[in-house]
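In what follows, a single structure is set out as structure tokens and then discussed.
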There are 2 protein chains.
Amino acid sequence: MSFPPKTDREAILGTALAIIETQGWSALSMRALGRTLGLRASSLYHHFPDRNAIEEALGSKASGSLLLALKSACLGLIGGPRIHALAEAYIDFALNNQALYNLVTTLPRSDENKPEGKALRDFFLETLNGDTSAAGALWAFLHGYASLHSSGRFDTTNATEVFERGLSAIVTDLVKKKNIL
Amino acid sequence: MSFPPKTDREAILGTALAIIETQGWSALSMRALGRTLGLRASSLYHHFPDRNAIEEALGSKASGSLLLALKSACLGLIGGPRIHALAEAYIDFALNNQALYNLVTTLPRSDENKPEGKALRDFFLETLNGDTSAAGALWAFLHGYASLHSSGRFDTTNATEVFERGLSAIVTDLVKKKNIL
DNA sequence: GTCTATAACGTGATAGAC
DNA sequence: GTCTATCACGTTATAGAC
């Protein structure tokens, strides 16, 4: 008689996501994972080589979720409205899924090979008509805004103003550089 | 004749900074601190209530260092050149003092009361002629750029281009909004 | 291959003796 | 102020049952 598998990679990642969402990033540990799954922490090492591997897999999953949210928000839109939708959906995701969002931007140290990371960049690039530097600048602004906002660096009264200002500055610059919207 | 104490708040913070700079953020622990200072970890609790208090103090110190670097770079400059100097000095500090910079932007959850955090914001505001939203947008862009750059999100070939593009977009927008430089 | 049990280690933190 | 001793916890690795 053999041991039926109590878990698999998907179950582990799903549980990890649940823990992160409900109790925050710091609550995610191998023991907590095993506890929730009904097994020992050491058993997890048969599915992932180490904690870092779980984090990287979570990062990929989170990137996929973010991309999905962005695509959904941009559905059927082009030009300026599409950029605005992208920006708002990005910030919305980042602020409402703080722990997950952190995984997207900090975790996969080299995401060049990761399909999710590339897909995210490509979607930015596509929405900005292939303007690489503008896409990078927009991404930088959005990430910075989300990051500073999350740590309470903006007054709630000024936050929206800052968002609109930065976004319009980048969009205006995009138009001026003759990349017609 | 007095007995010099083995340590004090300044010595602890200085040692903590040294550890972070040489071995990274993860190497900073109460035990490692005590080890380097030549005493037990438990003794540190007579100078700081807990680890978090040390981190907050470090964040304030790091903010001060950043502000100093910015002021030094902007010395004698006004208008556009001053903004460029500010931006370059900011990125330079962030990329060359990664662990310290992380403390500045993530650690003091509410820096409203912290004098260093306010001074940093005020310097941005002053350099941008009191334009609150532009100052916020610039800060967001710079922080986002530094953060994404640090985690290898930009190609080295495109990074400079992205930086110039975002900066010029915000500066141009500032001029257009009639805040003459 | 999957799981259990256990051990060794590092961590933040506290209590009490000197 | 500093020490020793101790706690509970998370991480990691190994040995072994099925």
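Everything numeric in this text was worked out from a predicted model, so none of it was measured. Proteins get letters first, then strands, A, B, ... in listed order; numbering begins at 1 in each.
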Separation of dG12(C) atom P from F48(B) atom CZ, nearest Å, is 14 Å

In plain terms, say whether E126(A) and R121(A) are close enough for a salt bridge, that is, a side-chain N and a carboxylate O under 4.0 Å apart.
no

Do L103(A) and W25(A) have side chains that approach each other closer than 4.5 Å (heavy atoms only, starting at C-beta)?
yes

Just to be sure I understand the rule, does D50(B) reach a base, reach only the sugar-phosphate, or reach nothing, if contact means heavy atoms closer than 4.0 Å?
sugar-phosphate

Over all strands shown, is S29(A) touching base, sugar-phosphate only, or nothing at heavy-atom distances under 4.0 angstrom?
sugar-phosphate

Report which part of the nucleic acid R40(A) touches: base, sugar-phosphate, or nothing (heavy-atom distance under 4.0 Å, all strands).
sugar-phosphate

Rounded to the Å, how far apart are L39(A) CG and dT2(C) C1'?
10 Å

When you check the gap from the basic side-chain N to the acidic O, do E56(B) and R51(B) get nearer than 4.0 Å?
no

Spacing of CZ belonging to F93(B) relative to CG belonging to L142(B), to within rounding of 0.5 Å
13.5 Å

Rounded to the nearest angstrom, tell me the gap between atom CG in L33(A) and atom P in dT12(D).
12 Å

D131(A)/K177(A) salt bridge by N-O under 4.0 Å criterion:
no

From the list dT14(C), dT4(C), dC3(D), which nucleotide is the closest neighbour of the side chain of Y45(B)?
dT14(C)

dC3(C) P sits how many Å from M30(A) CE, rounded?
13 Å

Check this one for me: any side-chain N or O of S43(B) less than 4.0 Å away from OP1 or OP2 of dC3(D)?
yes

Side chain of H46(B), heavy atoms from C-beta onward: which of dT2(D), dC3(C), dA13(C) has the nearest atom to it?
dT2(D)

Which nucleotide in dA13(C), dT6(C), dG1(D) has an atom nearest any side-chain atom of R51(B)
dA13(C)

Interatomic distance, L37(A) CG vs dC3(C) C1' [rounded to whole Å]:
13 Å

Less than 3.5 Å between a donor and an acceptor, one on the side chain of S42(B) and one on the base of dT2(D), is that the case here?
no

Whole-Å gap separating P (dG12(C)) and CG (L44(B))
10 Å

Protein-nucleotide distance (H47(A), atom NE2; dT4(C), atom P), rounded to Å:
10 Å

Expressed as a whole number of angstroms, how long is the span from R31(B):CZ to dT6(D):C1'?
11 Å

